[in-house]
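Working notes, structure below.
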2 protein chains.
Amino acid sequence: MEVSDKREEAVRRILNGFSPQDYSLPEDFVLTKLTGMKGCGCKVPREILLELLKTFGSEVVVDNDAVGIGLDSCVVPLRHKGLNLVQTTDFFYPLVDDPYIMGRITCANVLSDLYAMGVVDCDNMLMLLGVAVDLNEKERDTIVSQFIQGFKDAADLAETQVRGGQTVRCPWLLLGGVATSVVSNEELIRVDRAEPGDVLVITKPIGGQAVVNSYEWLKKKDTKIEELGLEPAKIVRAFQQTCEQMARLNRNAARLLHKYKAHSSTDVTGFGILGHADNLARAQQNRVDFVIEKLPIIEYAEEVANKMISAGGEGFRLFKGTSAETSGGLLIALAPENVEGFIREIEELDGFPAWVVGKVVARDESSSEIPNKAYISEVFTTECVKSRIHQN
Amino acid sequence: MEVSDKREEAVRRILNGFSPQDYSLPEDFVLTKLTGMKGCGCKVPREILLELLKTFGSEVVVDNDAVGIGLDSCVVPLRHKGLNLVQTTDFFYPLVDDPYIMGRITCANVLSDLYAMGVVDCDNMLMLLGVAVDLNEKERDTIVSQFIQGFKDAADLAETQVRGGQTVRCPWLLLGGVATSVVSNEELIRVDRAEPGDVLVITKPIGGQAVVNSYEWLKKKDTKIEELGLEPAKIVRAFQQTCEQMARLNRNAARLLHKYKAHSSTDVTGFGILGHADNLARAQQNRVDFVIEKLPIIEYAEEVANKMISAGGEGFRLFKGTSAETSGGLLIALAPENVEGFIREIEELDGFPAWVVGKVVARDESSSEIPNKAYISEVFTTECVKSRIHQN
């Protein structure tokens, strides 16, 4: 399969859907039953982690919560002059039912932490796999081989190779990887140089958690669908769009970080757009805050969240900016003059747009003890991002 | 704590035992209840894995089952001239009840794959952690912080640092890591150069599976203890010795691979001494077989296995050479003139001996289609390895 075909293969598979019968599996076989938690929502909450780690000082870093240049991946200067080891790992549980698509999402999600640092070329990947203990042989073989095929196709698209890993048995189906690259200083972008006046751009719309969960309700015939008055066809369509963007590599964005001299960058995953913007703001050298003024939201996810809120729920805190994404887009601070070029070019390369979501502002507090922060503007707008993978 | 103290800390902790009450945990709190499988025994069987992976050719390698120079770790030649990325990952479940010791074992076990390649210095470690979902906060905080402390102490002893990782919630407590180094060709040993006449040496005795499991029976008051006529005090003593050796780094052995010009090397884990010897034999350039003639066995493990066999069981297939080890020793092929020096020096450095276990022989078959193999000699001996961490 050609590289361009592999890109289309993800969309084709998503639109066709996964039929267990095609693989001689029982009709009611559902991958997402093999876990109690979905995608990046399985992370241990950040504040708990930081508390548990604080006795170890800055030396031990978990979930890549480092500062400065190593925000999404750890960056280790090597004894070989001018070279750095850049490395990241992630693992989670299935959140879609097609193991092939799940493989692509897993690989894209791991690589994204390298891409957020401007590292375009990954030197090696390891695959991490926990095979659910209660699968029969047929199920196990189908899932594992489809998952590996998806993971490998994404690695091919990223022009890297999978050369190792570990496979254990586990109560839940556990999926993950490690991405590593050895790079010169120029191959990295510094992510701590945001300046007042910079524009914040995101490369994928948010709302994945609302979409994935409403799709789960639909599959399980949960009464929430009727209670909230949700439309099944719209949920399916939103889910397909979400799958496409989770499986999409952030590699073109990584390339453009260099071309458009990004001042700061991170990828949006389990802590949501605001959580990751806040991490990024804290890591800045300048005394600046990040203000989110607009939330580009996957088609129909906004309606799902609004209906949940009307019914007294929290709507996954989507409008608070803390709704979890899996394999989300890059959030980037650019000088104003570079925004138009970046957005035009990412659309040319990926076939999907990017959005201005906010700005970097000088801190108004005089106290240097209060760290930088990110916040959602009191007057924020939302934009419904129409699907592009559907015919209409 | 000084480095030398950290080495002794493991033995001190092992001999004192883990008292949940010291951490305000319930008296009956048992770490090993948080999994259905123990240590390296959780691996997906090798033949199943290879079957699942075969459609992907040699490009995708799982469980580091590569050939030639990359047997235990993957070795990726980098675009930076003369440098290689060497990388390995492993994760598994608790097999001892002290989370601190479990952290040390986990770290030692991951690093061992680098050491088996002669890589003495690890440039970076990632920690992988799945926190069991049914822990309460107190249990979680104690386990995670103790585990991290143990992992970090082992990393300190190895003169490396933990700079990233991932933490998720999981039904079982999942523990692991990634070890990575960037090395010149001279820092690696070639593991595919065994010659007829070479002597096989192992740096830790075998039998860990029998010991860990009999200790489990003891804790659970399993009727097997009485049925087999096992002596609790001897089981405890064997368990402590096994903990010490699982937590012990194979780093000195890695150094000596260079000094004594090892022709071949691997570390002994989930597939047992014979399984790993067989993998290693297959990877050789010469047409040679590996013959195991002697099995050095942890004190009392031999008796446990023999009693199981007398009762009609398999005795963990200990005498067949396929009983799983966790963080086992290095299995090394040395030219005969280098054996004495290697054994003397490893004992000086580690405080524990190494054993000659067999030899490398020329293949007798003429067919080149039959791969090299390892086998246990029809006339093999066993040696009971007395504990050194106890006073008597």
Side-chain angles (χ1 to χ4, degrees), chain A residues 36-37 42-44 48-49 51-53 55-56 59-64 66 70 73-74 76 78-80 83 85 87-93 121 123-124 126-131 133 140-141 144-145 148-149 152 161-172 174 176 178 180 182 184, chain B residues 36-37 42-44 48-49 51-53 55-56 59-64 66 70 73-74 76 78-80 83 85 87-93 121 123-124 126-131 133 140-141 144-145 148-149 152 161-172 174 176 178 180 182 184:
Chain A
M37 294 176 178
C42 66
K43 284 198 178 188
V44 172
I48 294 172
L49 257 189
E51 185 62 29
L52 290 173
L53 292 169
T55 49
F56 301 97
E59 201 181 327
V60 174
V61 175
V62 166
D63 280 333
N64 308 309
S73 301
C74 60
V76 182
L78 293 171
R79 55 212 153 95
H80 311 285
L83 294 179
L85 179 71
Q87 196 163 41
T88 182
T89 182
D90 214 347
F91 54 92
F92 51 34
Y93 306 106
D121 294 306
D123 285 324
N124 193 43
L126 305 175
M127 196 173 71
L128 308 176
L129 197 51
V131 182
V133 280
R140 182 194 66 200
D141 292 359
V144 172
S145 62
I148 293 173
Q149 184 70 58
K152 183 178 176 300
Q161 289 196 336
V162 183
R163 293 198 195 78
Q166 163 76 331
T167 312
V168 299
R169 285 176 286 181
C170 184
W172 291 351
L174 183 115
V178 180
T180 304
V182 176
S184 61
Chain B
M37 294 176 180
C42 66
K43 285 199 177 187
V44 172
I48 293 172
L49 256 188
E51 185 62 29
L52 291 172
L53 292 169
T55 50
F56 302 98
E59 201 181 325
V60 174
V61 175
V62 166
D63 279 333
N64 306 310
S73 302
C74 59
V76 183
L78 294 170
R79 54 213 154 94
H80 311 285
L83 294 179
L85 179 70
Q87 196 163 40
T88 183
T89 182
D90 214 347
F91 53 93
F92 51 34
Y93 306 105
D121 294 306
D123 286 324
N124 193 42
L126 306 175
M127 196 173 70
L128 308 177
L129 197 51
V131 183
V133 281
R140 182 193 65 202
D141 292 358
V144 172
S145 61
I148 293 173
Q149 185 69 58
K152 182 177 177 301
Q161 289 196 338
V162 184
R163 294 198 194 76
Q166 163 76 333
T167 312
V168 299
R169 285 176 285 180
C170 185
W172 292 351
L174 184 117
V178 181
T180 305
V182 176
S184 61

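Keep in mind that this is a model prediction, so the values were computed, not measured. Every chain is numbered from 1 and lettered A, B, ... according to where its sequence line falls, protein lines coming before strand lines.
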Heavy-atom proximity to chain A below 4.5 Å, by part of B/L128: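 Both parts, backbone and side chain.
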Chain A contact via B/V178 - side chain, backbone, both or neither, heavy atoms under 4.5 Å: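 Side chain of B/V178 only, per the 4.5 Å heavy-atom cut-off to chain A.
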Between B/L85, B/D121, B/L174, which has the largest tally of heavy atom pairs under 4.5 Å with chain A?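 Winner by heavy-atom pair count: B/L85.
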CA sep, side-chain torsions, deciding dist, call: A/I148, A/M127, side chain to side chain contact (heavy atoms under 4.5 Å, CB included): CA-CA 9 Å; A/I148 293 173; A/M127 196 173 71; 3.5 Å; yes
Heavy-atom closest pair, residues B/G165 and B/L126: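 Closest pair (atom of B/G165, atom of B/L126, distance): N-CD2, 4.1 Å.
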In chain order, what residues pass the side chain to side chain donor-acceptor pair (under 3.5 Å) check against A/D123, with sequence neighbours excluded?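 Scan of A/D123 (side chain to side chain donor-acceptor pair (under 3.5 Å), adjacent residues dropped) gives A/S181.
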Classify the angle between the aromatic ring planes of B/F91 and A/F91 as parallel (below 30°), tilted (30 to 60°) or perpendicular (above 60°).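 B/F91 vs A/F91 ring planes: parallel.
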